[in-house]
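Remember, it's a predicted structure, so these values are computed and weren't measured experimentally.
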Amino acid sequence: MSVEAGRAKRVGDAGAFDVAGGAAARAGRVNRGLTALREDLFDVRVRTKRPPAPFSSVAVARGLLYAAVVITVGIQGAVLAGYPGVSGGLAFVLGLATGVPILLAPQRPLVAWWMSLGATVACALAGESNGHDHIQWPWTAVGIFAQVVVMAYVAFHARLRIVVETWMITALLGLVLVRNAQHDPSHWGTMPAVAMLTAIVMVVVVAFRGRSDARRQLALQSDLTATERERSALLEERARIARELHDVVAHHMSVIAIQAEAARYRVADPPPELVRSFVTIRANAVDALAELRRVLGLLRTEQEGGEFDGQGRPAPLPTLERLPELIENVRAAGMTVDCVTVGVPRPLPQGVDLSAYRIGQEALSNALRHAPGARVRVEVAYVPTGIGLRVYNEPAPHPEAPARDGSGHGVMGMRERAAMIGGTLEAGHTPDGGYHVDVFLPTEEQ
């Protein structure tokens, strides 16, 4: 064999292999398509639903569905009984076959669709074999209604690909029945009306379903966003409280360390055991302070709203001693504020003192924001078991005045502050249209 002949044979073999490979690929694609079509159209899984409550909208819809089935069976049976040679019993059976898919469609739409196709073929054959005039053939008017209802349920429950497949098969079935009719093949009967009506209804239902899904997703996203916003506000408030408690605890730990360092110099010739105890106390206090600063120190940043004095140093943490100053600032903003103190003021634990001031500050800010120009009353009660604080504002004198913008999480932050030190807080509208904040913070008896 010459070189040219061998090359030609190899080229021919390669071409044959390419053709065979292309045919195998096409066969594979066709097989996968048929498999997907079979999986789509024979998906007969039940769509379970809760039984409707009496007099609910679902129960009313179910009652209308039953009525539609009864009417469909009756009218379809009456129409088919008018066909020559169709007995009353056969007409009733065919009417039942037309109406039952409507009843089954809400739970098993694809099964109902297959049943409706079978009923369509049976009714068409009954009319064709008995020489009907084909004015309502292959679908009667009632048959069109039943087919449209069933395919509307398919469009509402099934995927878009299945919707397109069911419509194409329904139209193809009608075309086959019409083109193989015994009468004039040019007469299309009701097949174009069925194809057009089912297409319109399915497009509308798919669009409605997409809109409903979009609204449902939007509502879900809104809920998630609101939840995340509340969680973020709560975390910010806790971070702020942690910064302030860090300062409180750091102050006390520093005092402990200094006192332990100086204690051994207060007594002449202290015992070695006492000296070692004070050294251990100071070392533990210093270690705890370092660990506290390592964990919480990063929370105190100027960007997060820390308070600083005029020289750029962190300002002392506020206490109730600064409450008159806070009230004067609110009065300067146009509010009338009355302040009443019950009991004898006394020193409070630093955390309680700080929380009481912050809660009063937030309550006055809310009154200024939401009831501008209203009269405000501040009551501070010192009792043996703790301290009570009440901030009440009357309704705004000008309700039409727009409220100033706020974060909307002030009450949540106040309640979080009170809960972290074992206190309780109640807030809400009063019967006269005002607003009150009542808090009690427990403390050890001084």
Side-chain angles (χ1 to χ4, degrees), residues 237 240-241 244-245 247-248 305 307 309 315-399 401 403-446:
E237 185 62 24
R240 182 182 177 186
I241 296 172
E244 295 175 346
L245 292 180
D247 294 337
V248 173
E307 297 181 357
D309 59 17
L317 293 175
T319 63
L320 281 179
E321 293 181 354
R322 293 178 55 183
L323 184 60
E325 176 185 345
L326 180 62
I327 291 176
E328 288 300 324
N329 291 336
V330 176
R331 286 171 178 166
M335 304 283 285
T336 302
V337 184
D338 300 325
C339 184
V340 177
T341 301
V342 179
V344 180
R346 67 177 187 274
L348 300 172
Q350 194 167 4
V352 175
D353 214 356
L354 172 63
S355 296
Y357 176 84
R358 290 301 191 195
I359 292 174
Q361 182 183 39
E362 183 65 28
L364 289 172
S365 298
N366 287 343
L368 182 63
R369 183 183 304 117
H370 299 290
R375 176 178 290 274
V376 181
R377 181 180 177 84
V378 180
E379 299 176 1
V380 182
Y382 291 88
V383 297
T385 57
I387 182 173
L389 176 66
R390 186 174 195 270
V391 179
Y392 161 74
N393 63 268
E394 297 178 354
H398 305 290
R404 303 180 186 180
D405 294 335
S407 63
H409 301 285
V411 175
M412 182 180 64
M414 291 187 289
R415 185 170 286 112
E416 185 71 15
R417 279 187 176 276
M420 289 189 69
I421 57 177
T424 58
L425 184 140
E426 295 182 0
H429 292 280
T430 58
D432 62 354
Y435 198 86
H436 76 96
V437 175
D438 294 307
V439 62
F440 177 77
L441 304 178
T443 181
E444 297 179 357
E445 186 170 352
Q446 301 296 323

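The side chain to side chain contact (heavy atoms under 4.5 Å, CB included) test applied to Val342 returns Val340, Ala381, not counting sequence neighbours. Scanning for side chain to side chain donor-acceptor pair (under 3.5 Å) contacts around Thr430 gives Asp432, with sequence neighbours left out. By the side chain to side chain donor-acceptor pair (under 3.5 Å) test, Glu325 pairs with no residue at all, sequence neighbours left out. Applying the ring pair (Phe, Tyr, Trp, His ring centres under 6.0 Å) rule to Tyr435 yields the partners His429; only residues at least two apart in sequence or on another chain are considered. Listed by chain and number, the residues in a side chain to side chain contact (heavy atoms under 4.5 Å, CB included) with Pro324 amount to none (sequence neighbours excluded). Scored by the side chain to side chain donor-acceptor pair (under 3.5 Å) test, Asn366 finds Arg369 as partners (sequence neighbours excluded). In terms of the side chain to side chain contact (heavy atoms under 4.5 Å, CB included) criterion, residue partners of Val330 (sequence neighbours excluded) are, by chain and number, Met335, Val337, Leu364. Partners of Ala418 under the side chain to side chain contact (heavy atoms under 4.5 Å, CB included) rule, at least two apart in sequence or in another chain, are Ile359, Leu425, Val439, Leu441. In this structure, the salt bridge (charged side-chain N to carboxylate O under 4.0 Å, His left out) partners of Glu379, at least two apart in sequence or on a different chain, are Arg377. With sequence neighbours excluded, the residues forming a side chain to side chain donor-acceptor pair (under 3.5 Å) with Arg390 are Asp438, listed by chain and number.
Residue pairs meeting the side chain to side chain donor-acceptor pair (under 3.5 Å) criterion with at least one member in residues 334-345, sequence neighbours excluded: Asp338-Arg375.
The nearest pair of heavy atoms linking Ile421 to Gly351 is CD1-O, 4.5 Å. Closest non-hydrogen pair, Pro397 versus Ala374, comes out as CD-N, 3.6 Å. Scanning both residues, Ala371 and Ala396, for their nearest heavy atoms gives CA-CB, 3.8 Å. Across Gly434 and Tyr392, no two heavy atoms sit closer than the pair CA-CE1, 4.4 Å.
How far CD of Gln350 is from OG1 of Thr319: 8.5 Å, rounded to the nearest 0.5 Å. Put simply, OG on Ser365 and CG on Leu326 are 7.0 Å apart, with the number rounded to the nearest 0.5 Å. Interatomic distance, OG of Ser355 versus CG of Leu389, reported as 11.5 Å (0.5 Å rounding). Here the straight-line distance linking atom CD1 of Ile387 with atom CG of Leu348 works out to 5.0 Å at 0.5 Å rounding. Atom-to-atom distance recorded for Arg346:CZ and Tyr382:OH is 8.0 Å, nearest 0.5 angstrom. The CD atom of Gln361 sits 12.0 Å away from the CD1 atom of Ile327 when rounded to the nearest 0.5 Å.
Without hydrogens or angle criteria, Asp353 side chain to Leu320 main chain gives a donor-acceptor distance under 3.5 Å.
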